[in-house]
Peer 1: 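Mind having a look at this structure? Questions to follow.
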Number of protein chains: 2
Amino acid sequence: MVRPVVTIRDVAREAGVSVATVSRALNGHANVAEPVRKQVEAVAQRLRYSPHGAARSLSSRSTQTIGVVLPDLHGEFFSELIRGIGAGARARRKHMLLSSYHGDPEQQAAALRAMRGRVDGLLVMSPFADQPGFLEENLPPLPAVLVNTHQAEPAWPAFEVDNHAGAMAMTAHLLALGHRRIAFIAGPEPNYDAQERLRGFREAIAAHPGASGCEYPGDFDEASGHRAGQAILAAGERPQAVFAANDMMALGCLYAFAQAGVRVPQDIALAGFDDIPLARFVHPSLTTMRVSIAQLGGRAVERLLDQIEAGADVAGPASGEVADRHVLAPELVVRASSGGPEHPASGTGPG
Amino acid sequence: MVRPVVTIRDVAREAGVSVATVSRALNGHANVAEPVRKQVEAVAQRLRYSPHGAARSLSSRSTQTIGVVLPDLHGEFFSELIRGIGAGARARRKHMLLSSYHGDPEQQAAALRAMRGRVDGLLVMSPFADQPGFLEENLPPLPAVLVNTHQAEPAWPAFEVDNHAGAMAMTAHLLALGHRRIAFIAGPEPNYDAQERLRGFREAIAAHPGASGCEYPGDFDEASGHRAGQAILAAGERPQAVFAANDMMALGCLYAFAQAGVRVPQDIALAGFDDIPLARFVHPSLTTMRVSIAQLGGRAVERLLDQIEAGADVAGPASGEVADRHVLAPELVVRASSGGPEHPASGTGPG
DNA sequence: CTGAAAGCGCTTACAG
DNA sequence: CTGAAAGCGCTTACAG
């Protein structure tokens, strides 16, 4: 059962040709006589030869691999992102080297540097990218595309969700339904997505005469949404609608309302953000902004592979150039919780 | 902004030593004079040197990477698996090369072979492993551990969920609650997990005098669960309990019952399998078997890394040896839908 | 403790 | 169309 390790030299010897010819034959180069190619392929197959990845990468200066460096692997967001990147990579026949780290910049720096010589380009999500010099100092000299990452200077191509526009759209939806006093349950303050959603809410409220908003703190989990829901009910003048900065908080809030006997949407409208799978299953089903994270990953990997194929090999653009930035607009999904006219395809319940 | 590519030779030249000394200094070998080491480290840092992965792998015959080959990336199962593997790999400072393919054996064969020279070992989930010779012919000569994969001969170490025991446990739970006529909604026939769950159900029913089971087809999605639920209600003698082979089908069934005005658990008890996140959010919350897929992945990667460190370098065991097989027992999670005494921590709703 | 040299397994100009 | 040779960027016996 011990399989011998077979190299290109074994194939060459067995086929009676040079290793150069084996290499050319197996890599589909044109300048190989057809009978020779057949012969080499037959021998390679018989010996179950497959080329050594590191050797091939070293000599060809190409790894056929993209590196993906993420802050975490936990939760819907990352699994969708990985799925989208994986699909995009496979479509272009690339491998995917996945690295996650926890918390501190040191670890991410190490993860980034370890990619040199292993990948042809990088997809990076970094909470430290707005720290001046962080990426400049730690990205290997390779093409890189940022995902959902806020850079101080737009030095790298970037793909992100348009949280600001999404929050404005949702607020506009609630306003269009006639609600004027709207509560906002905010996400964690240091979080850039949270900041953008809050900004969108504020802007939409400010732009609408007669509308007023009040804000409650939260940190993107159910429990904080639950607390905010209780606080909203306890406050003086009850808002007509609540917009939670993500779905998990909206669910917590929904639960608080249910406990208090407050009906959604009859007594108060409710909306979230993200369209997590749960959103359509809860009762009432949740109006939310749908964000296609898999698509975000897929488009980012396409952009990266295009750049790699174009032969770019530097980390960061030439000086003075501004990197392209791609924002994906989330889509309003109206369900029962906001009391608006539901889109038939977004209906509640399985079956 | 164009960063020059710096190699070990640049560091050596700059530090005034040989490349051998740089290599030893940076890799923490003992036989380097302390001042020399300091000097080399300073230069490496100043030049932002990081070693070239492929070159290092080729000469050291070690990639510090494990390969993960999966049939798909879609859904809770794979994201949890990847998360568990990723955490395990990071804990042991290994990289993770992730490859997914769709459908056919050819594609998986290619994915497996492409791993040679890129990884030190493989974690493989393969629907084709019971096809004689498939793994033998396509696994590179590396240590490999199988995950949730049914092999005809137990030639490789394997980690899997004990679906049979889990289904028996759930059936026993329903029987213990006094239910005697129990319906089972089966998964897709070719699926090995589905087969094992069905086998566990049958065995538990057969072992219990006075109990009777009837079976309905399904294919692990909501819609088939919904159809089965309708069929169950339409049939002559209504069962006292329904056990769906997975949670998604249980949810579909629950929805059919709700539409028909049949109350769960008062009129009929219901249980699922998997403990997907939705299970605790639906109403009534769903009794199910919890399967820790992340743990499955984590343990598999540990087993693989142990084998790699032990210096094994062959695909498959020595002839005559039987590979170890690890089954992870799922855990019964009693919630409202079965009408049993609920565990306090498993309660319904957020907050 | 240090360096010169061989070698890891490929690819790719360069000749022919 | 084919082969001999150089080289990719490291690591590691081997001498000293």
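Throughout, protein chains are lettered first and strands after them, A, B, ... in sequence-line order, and every chain is numbered starting at 1.
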Peer 1: Whole angstrom is fine here: how far is it from CZ in R37(A) over to P in dT2(D)?
Peer 2: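 The answer, rounded to whole Å, is 10 Å.
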Peer 1: How does protein contact run along nucleotides 7-12 of chain C, one letter per nucleotide 5' to 3', with B for base contact, S for sugar-phosphate only, - for none, heavy atoms under 4.0 Å?
Peer 2: BBBBSB
Peer 1: Please list, chain by chain and in numerical order, all residues satisfying side-chain contact (heavy atoms from CB on, under 4.5 Å) with A110(B), sequence neighbours excluded.
Peer 2: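 Result, side-chain contact (heavy atoms from CB on, under 4.5 Å) vs A110(B): none returned.
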Peer 1: Around R46(A), counting heavy atoms of other residues, nucleotides and ligands shown, do more than 12 lie under 6.0 Å from its CZ?
Peer 2: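 Yes, enclosed.
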Peer 1: First locate atom CD1 of I85(A), then atom CD of E302(A), and finally report the distance between them rounded to the nearest 0.5 Å.
Peer 2: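 Reported value, rounded in 0.5 Å steps: 12.0 Å.
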Peer 1: Should the heavy atoms of other residues, nucleotides or ligands under 6.0 Å from CD of Q131(B) be counted, would the total exceed 12?
Peer 2: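 Counting neighbours around CD of Q131(B), more than 12 heavy atoms of other residues, nucleotides or ligands fall under 6.0 Å, so yes.
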Peer 1: Are a donor atom and an acceptor atom from the side chains of R118(B) and T65(B) found within less than 3.5 Å of each other?
Peer 2: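 Per modelled atom types, R118(B) and T65(B) side chains form no pair under 3.5 Å.
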Peer 1: Would you mind pulling out the nucleotide paired to dG16(D), Watson-Crick or G-U wobble, both distances under 3.5 Å?
Peer 2: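 Because both required distances fall under 3.5 Å, dG16(D) counts as paired with dC1(C).
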